[in-house]
Chemist: 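This structure is in structure tokens; I'll ask about it shortly.
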Protein chains: 2
Amino acid sequence: MARRLPSLHGLRAFEAAARQLSFTRAAEELNVTQSAVSHQIRALEEQMGVALFRRVPQGLLLTEAGQLLLPAVRDAFDRLAVGVERVREHEASGTLTVSVSPYFAGRWLMPRIGRFRALHPGIELRISANPLYVDFTRETDIDLAVRHGLGTWDGLHAVRFLDDQVFPVCSPALRPPLETPEDLRHHALLNDEMHHYWDAWLAGAGLTGLAPSAGLRLTDIGLAIQCAIAGQGVAMARASLIEEELAAGTLIRPFALSIPADFGIYAVCPEAMADRPKIAAFRDWLIAEGRNDQPVLS
Amino acid sequence: MARRLPSLHGLRAFEAAARQLSFTRAAEELNVTQSAVSHQIRALEEQMGVALFRRVPQGLLLTEAGQLLLPAVRDAFDRLAVGVERVREHEASGTLTVSVSPYFAGRWLMPRIGRFRALHPGIELRISANPLYVDFTRETDIDLAVRHGLGTWDGLHAVRFLDDQVFPVCSPALRPPLETPEDLRHHALLNDEMHHYWDAWLAGAGLTGLAPSAGLRLTDIGLAIQCAIAGQGVAMARASLIEEELAAGTLIRPFALSIPADFGIYAVCPEAMADRPKIAAFRDWLIAEGRNDQPVLS
DNA sequence: AGCCTGCATGAGTTGAACTCATGCGGATGA
DNA sequence: TCATCCGCATGAGTTCAACTCATGCAGGCT
């Protein structure tokens, strides 16, 4: 710039005041006090070396200098607004790559994904089914991941969007049938990443001397659920992820007792990308879906 | 604006950095540190939710988003600069009303005014010859005045633009002629607003018991000079305001001794108008002329 | 005359914008 | 290969532009 511009905030205040012909209404639009606009305009007039407004009892009028200045300033701020919005819209469209476990994808995400796509037709989703935690430093094409845990991952922005009650589930064909919690002694308590809930649940049921089966370790919740459907044992399940099987009758919930899950389901991404519009849009959608579909607590 | 703009200072930093493809050069242009630009761009990228630059070893590159944003921001700041400059130029033209004493107008201002008009053809000057101090609160059409004094006028912006040596002048036809300062005893020491210099000059000349004539008080320096030309006495004169008479021989300088003037010649206007472009332009010109025509010191 | 509205202003506060100091990475030249 | 240079990044601390708060004033209206 050949010559120093006056205060940009002052020019913004000028534009709003000139359009509204009121410091008070301009202040409301800019979310500042009337006093702030008055000070801004005064400072701008000093910097410009000329009055821009005439304060008359009927209201504000632009002076000749103010009328001369307004078109350029209005254009400028309009151009800024258009340009900024275009970039934001552009950034809120394009491809979003989400990494989720196949189990979570099948049980929770895919049945709902249509609603996201309806809300954000401009965002092209790419779902990467991956049972393992994604390493964002190596897989840089992943924008966001869904993780199960406590949310304390260094360098990652994590938002918990699903809270659940947790309870045992089993096949209705399981033999001998589970009449009381004591009957669990006759069956394998399936040992997956939900295993730590057994201790709390069994204590709640008044049972001692029982623990998840040590002989069989399942790395994937989906496998554990399939074992339970096959009558091979009893699995611990989160309410929001077992609705389908309970509704279909392939699994039943033998006891009413449930406990709150300390592990949550989190939307996770690198801290530096948390504000990216696409990522924020998806995360916000997950949060809304998690709130809408809160399981009915027993 | 439908949506809050990001930081205007950030956008300004972005425009400069994008044009220069360098934070360091952008900082120099904006008169801030490289660190300030770096912080600004980082904050802007967070507010926009997208990277605008790629930092590569060869220098900066604009990302796709940055390329999308730049035209609108560049246009906007160009429009602001043009609009602001147009108003400033417009304000630096038009009519400027200057109040000066007739004496000062004749002896100093008018012989030089052509140079001002050549520099500022867009400013129409109106010279108001007024031997008295102008009261800006009553004569609101006066933009600027020239005053002789110490510059301590309340509520007024005063800039001293003429400093002078002061010395006695008289008609070459004065009788008896002035051979030594002692000969001043035979003549009237003319009493105008320059009268207070007599004490200091006479003391410097080693004379005691002499003072400006009490019987004749002249309210205007011009009158005193005319009296001196008529041989009616000896006047005290400022070097820069007596050149014409000395050159023409209508007055002579009988002694080499001179003293510095404590009173200066000031450009004066109301504080609140000091920054008006027309007024600033004229004042700056007076300062430049005062510097250029510094009298040769004896 | 009293009340209301909107702008003006001084005093004090706040936080965006800045500087300072320093670190890091990459290019270059010896 | 190493030392040096350059330019961007960053955290800590500082500065002052921008803001709020409180209040005053002028003019219009009832």
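Convention: sequence-line order gives letters A, B, ...; per-chain numbering from 1.
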Chemist: Can you measure A:N31 atom CG to D:dT20 atom C1' for me and round it to whole angstrom units?
Modeler: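 Answer to the nearest Å: 14 Å.
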Chemist: What is the separation between atom CZ on A:R25 and atom C1' on C:dG6, rounded to the nearest whole Å?
Modeler: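 Going from CZ in A:R25 over to C1' in C:dG6 covers 10 Å.
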Chemist: Using whole Å, report how far CG of A:L61 lies from C1' of C:dG6.
Modeler: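 Distance check: A:L61 CG to C:dG6 C1' gives 14 Å.
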Chemist: Applying side chain to side chain donor-acceptor pair (under 3.5 Å), which residue pairs with at least one partner in residues 57-71 of chain A are found, sequence neighbours left out?
Modeler: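 Those involving residues 57-71 of chain A are A:E64-B:H90.
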Chemist: How many whole angstroms separate atom CD of B:E45 from atom C1' of D:dT10?
Modeler: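 Checked: the CD to C1' distance equals 14 Å.
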Chemist: Kindly write out the residues that satisfy side chain to side chain contact (heavy atoms under 4.5 Å, CB included) with B:E91, not counting sequence neighbours, or none if the list is empty.
Modeler: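 B:E91 satisfies side chain to side chain contact (heavy atoms under 4.5 Å, CB included) with A:V50, B:P277, B:K278 once adjacent residues are dropped.
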Chemist: Can a salt bridge be assigned to the pair B:E45 and B:R55 using a cut-off of 4.0 Å between side-chain N and carboxylate O?
Modeler: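 So B:E45 pairs with B:R55 through a salt bridge.
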Chemist: Is there a side-chain polar atom (N or O) of B:R42 under 4.0 Å from OP1 or OP2 of D:dT10?
Modeler: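 Yes, because at least one side-chain N or O of B:R42 sits under 4.0 Å from OP1 or OP2 of D:dT10.
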Chemist: Sequence neighbours left out, what passes side chain to side chain contact (heavy atoms under 4.5 Å, CB included) with B:E28? Give chain and number order.
Modeler: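 Expected list: B:T24, B:R25.
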Chemist: With sugar-phosphate meaning primed atoms plus P, OP1 and OP2, does B:T33 contact a base, only sugar-phosphate, or nothing at under 4.0 Å between heavy atoms?
Modeler: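 Contact class for B:T33: base.
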Chemist: In whole angstrom, give the distance that lies between atom CZ of B:R54 and atom C1' of D:dC8.
Modeler: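 Atom-to-atom, B:R54 to D:dC8, this comes out as 15 Å.
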Chemist: Using a cutoff of under 3.5 Å, can you pull out all pairs of nitrogen or oxygen atoms linking the protein to nucleotides 12-18 of chain D, with atom names and distances?
Modeler:
from   : atom 1 : to   : atom 2 : distance (Å)
D:dA18 : OP1    : A:S7 : OG     : 3.0
D:dA18 : OP2    : A:S7 : OG     : 3.4

Chemist: I need a per-nucleotide contact map over nucleotides 23-30 of chain D, read 5' to 3'. Cutoff is protein heavy atoms under 4.0 Å; write B for the base, S for backbone only, - otherwise.
Modeler: ----SS--
Chemist: Without decimals, in angstroms, what is the distance between A:F53 CZ and C:dC7 P?
Modeler: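 Going from A:F53 (CZ) to C:dC7 (P), I get 10 Å.
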Chemist: How many whole angstroms separate atom CD of A:E28 from atom C1' of C:dG6?
Modeler: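 One finds 11 Å between C1' of C:dG6 and CD of A:E28, rounded.
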Chemist: Side chains of residues 280-287 of chain A: which donor-acceptor pairs under 3.5 Å do they make with residues two or more places apart or in other chains?
Modeler:
from   : atom 1 : to     : atom 2 : distance (Å)
A:R283 : NH1    : A:A274 : O      : 3.4
A:R283 : NH2    : A:A274 : O      : 2.8
A:W285 : NE1    : A:E289 : OE2    : 3.4

Chemist: To the nearest Å, how far apart are A:F23 CZ and C:dT9 C1'?
Modeler: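 Between C1' of C:dT9 and CZ of A:F23: 13 Å.
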Chemist: Please tell me if B:S38 has a side-chain N or O lying less than 4.0 Å from either OP1 or OP2 of D:dA9.
Modeler: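 Yes, within the criterion.
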Chemist: Just to verify, what does A:A16 make a side chain to side chain contact (heavy atoms under 4.5 Å, CB included) with, not counting sequence neighbours?
Modeler: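 Side chain to side chain contact (heavy atoms under 4.5 Å, CB included) check on A:A16 returns A:R19, A:A26, A:E29, A:L30.
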Chemist: Under a 3.5 Å distance rule, please check whether A:E15 uses its side chain to pair with a backbone N or O of A:L70 as donor and acceptor.
Modeler: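 Not a single qualifying donor-acceptor pair exists.
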Chemist: Can a side chain N or O of B:T24 be found less than 4.0 Å away from OP1 or OP2 on D:dC6?
Modeler: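 So the side chain of B:T24 is outside the cut-off, no N or O lying under 4.0 Å from OP1 or OP2 of D:dC6.
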Chemist: Any ring pair (Phe, Tyr, Trp, His ring centres under 6.0 Å) pairs touching residues 16-35 of chain A, not counting sequence neighbours?
Modeler: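 Output for this query lists A:F23-A:F53.
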Chemist: For residues 142-153 of chain B, which residue pairs pass the side chain to side chain donor-acceptor pair (under 3.5 Å) check, not counting sequence neighbours?
Modeler: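 The answer is B:H148-B:E193, B:H148-B:R238.
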Chemist: C:dA8, OP1 or OP2 - any side-chain N/O from A:R55 closer than 4.0 Å?
Modeler: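 True: A:R55 side-chain N/O within range (under 4.0 Å) of C:dA8 OP1/OP2.
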